Amino acid sequence: MKKLLSTYLVPFLLTGALWLVCTPDRAEAQEINFADYGQFTITLQDISMGDLEFVGPIISGGGLYSVELIDSYVLSIIGVKYLDVGVQIQGDGVLTLDGNPEYANDPSRSIPFQLKAAYANMGENSVTDSRFIEVAGGNFGISRFPILARQNLPPGPPPPPPTEGFDQSLVEEAAYLYLYGQIDVGNVVSGFYSGDIIITVEYE
Amino acid sequence: MQRIAIILLLLLFSSALHTAYAQNGTQSADNVTITVTATVQSIIETITIQTIDFDGAEREGTIVTINPIESALAGKIIARGTPGSEFRLEFLEERLMPNTVGDGSLSFLYSLAGNDIDEQESAELLGPEVRDLEFNSDGEFFIWVGGTFDLEDVNPGSYEGEFAIEIEYI
């Protein structure tokens with residue numbers, strides 16, 4: 001019996017312990033997360049195309065220049081309408097001359113950039129339906145919302161699991177993401193300035 | 001041998017269980033990078049190189065004229081800005097210049113010519129509002145200032161006036 005324990009049970013327990021260590025934290029188990037029940041796709045589409053451009057003339061030493069919400073850069077998030085989406089936004093804090101990151105701390109070759117963001121999830125691409133996403137000083141913001149707002153109704157039924165006959169397009173909807181903001185142009189060298197905003201979306 | 005086989009089986013079972021669990025938790029995600037851009041232009045400067053000189057100006061009857069393309073008496077201004085940038089130019093065509101030592105005033109009608117090279121002869125006449133001008137590769141644009149006035153009914157005296165020109169990036 002002792003031999004049986006040392007031969008089979010100990011390796012089994014060790015393997016089990018190893019498995020537990022390697023398993024992601026499931027502490028949120030009380031939350032019903034329908035997204036975990038299948039591999040639904042989510043797509044971030046660039047509606048505006050091109051760049052979030054501060055349109056000129058922008059003069060060196062000219063101070064604040066803004067892209068307003070109404071003129072914002074628009075992206076759509078296409079996914080299963082019942083599900084919540086987590087959005088993470090990370091923008092550069094400055095635009096640099098020719099996009100060269102080495103100028104980030106050079107006040108004559110960089111322009112402070114304050115990113116602002118909003119989303120609309122009423123099924124329409126409409127800034128009037130939009131809600132602000134809080135973007136902190138480091139131009140970092142996160143938000144979570146359903147692809148289609150529940151409009152004070154209880155959550156709908158979970159989507160059917162994506163079996164072979166499942167057609168996601170039947171339960172798809174688009175939410176919209178708006179990016180805008182302002183730059184503060186000091187006495188900088190004239191030229192082309194640029195920076196990046198990285199947006200990541202995933203079901204939550 | 002049997003012992004090793006059982007341990008391997010247990011390991012395989014454990015691994016399969018973990019893989020299945022991980023697949024169940026897979027979440028779809030997507031990301032996009034947007035570029036933010038701004039083109040900054042330098043401040044526009046105007047430098048007066050030469051003022052209008054009326055001594056020896058061409059005269060027909062009571063009409064005195066300084067041709068901005070042909071006359072060496074024309075004033076000259078250099079505008080400096082961002083190379084290759086487009087700009088618009090506006091000026092007041094007619095100015096009333098007061099007599100600084102007596103009564104009356106004199107109506108002066110300005111005329112301008114511009115060129116992106118420093119050559120007066122090939123400059124083109126500019127209207128009071130032009131929108132499609134461009135700084136050259138050195139960020140310069142050359143302007144010659146002439147004009148005309150009528151001496152009839154003008155009292156003797158000294159007349160002084162300003163010339164206002166406005167240049168803005170488009």
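Bear in mind that the values here come from a model prediction, so they are computed numbers and not experimental data. Convention: sequence-line order gives letters A, B, ...; per-chain numbering from 1.
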Quiz prompt | Largest heavy-atom contact set with chain B, pairs under 4.5 Å, which of A:G91, A:G99, A:G79, A:S190 | solution = A:S190
Quiz item: Would B:T62 and B:D150 count as having a side-chain donor-acceptor pair, cut-off 3.5 Å?
Solution: yes
Quiz prompt | Structural part of B:S42 lying under 4.5 Å from a heavy atom of chain A | solution = both
Practice problem: Flag the one option from A:I198, A:V185, A:L75 with the top tally of heavy-atom pairs under 4.5 Å to chain B. | Solution: A:I198
Practice problem: Look at A:E102 together with A:R109 and state whether they make a salt bridge at an N to O cut-off of under 4.0 Å. | Solution: no
Self-check item: Side chain, backbone, both or neither of A:I59 within contact of chain B (heavy atoms, under 4.5 Å)
Solution: both
Quiz item: Parallel, tilted or perpendicular for B:F54 and B:F108, by the 30°/60° rule?
Solution: perpendicular
Quiz item: Which region of A:D46, side chain (C-beta onward) or backbone (N, CA, C, O), has a non-hydrogen atom less than 4.5 Å from a non-hydrogen atom of chain B, or is it both or neither?
Solution: side chain
Quiz item: Shortest non-hydrogen contact from B:I117 to B:S122?
Solution: CD1-OG, 4.1 Å
Practice problem: Check each atom of B:I170 against the heavy atoms of chain A and say whether the ones under 4.5 Å are side chain, backbone, both or neither. | Solution: backbone
Quiz item: Side chain, backbone, both or neither: which part of A:L97 has a non-hydrogen atom closer than 4.5 Å to chain B?
Solution: neither
Quiz item: Would you call B:E45 and B:R80 a salt bridge, using N to O less than 4.0 angstrom?
Solution: no
Quiz item: A:Y180 and A:Y73: aromatic ring centres closer than 6.0 Å?
Solution: no
Quiz item: Most heavy-atom pairs under 4.5 angstrom with chain A, which of B:I43, B:N31, B:T37?
Solution: B:T37
Quiz item: Between A:V201 and chain B, which part of the residue has a heavy atom less than 4.5 Å away: side chain, backbone, both or neither?
Solution: both
Quiz item: What about the rings of A:Y193 and A:Y103, do their centers lie closer together than 6.0 Å?
Solution: no
Quiz item: Taking A:G62, A:S60, A:G50, A:G61 one by one, which has the highest count of heavy-atom pairs under 4.5 Å against chain B?
Solution: A:S60
Quiz item: In terms of heavy-atom pairs under 4.5 Å with chain B, which of A:T41, A:T200, A:V55, A:L44 leads?
Solution: A:L44
Quiz item: Considering only heavy atoms, which portion of A:F113 lies under 4.5 Å from any heavy atom of chain B: side chain, backbone, both, or neither?
Solution: side chain
Quiz item: Taking atom types as modelled and ignoring hydrogens, do the side chains of B:Q41 and B:S85 form a donor-acceptor contact shorter than 3.5 angstrom?
Solution: yes
Quiz item: Under a 4.5 Å heavy-atom cut-off, does chain B meet the side chain of A:L95, its backbone, both or neither?
Solution: side chain
Exercise. Using a 4.5 Å cut-off on heavy atoms from C-beta on, say whether the side chain of A:N121 contacts that of A:Y119.
Key: yes
Exercise. Go through the side-chain N and O atoms of B:T65 and B:T148 and say whether any donor and acceptor fall under 3.5 Å apart.
Key: yes
Quiz item: By a 4.5 Å heavy-atom criterion (distance strictly below it), what part of A:I77 contacts chain B: side chain, backbone, both, or neither?
Solution: neither
Practice problem: Against chain B, label A:L179 side chain, backbone, both or neither, depending on which of its atoms sit under 4.5 Å from a heavy atom there. | Solution: side chain
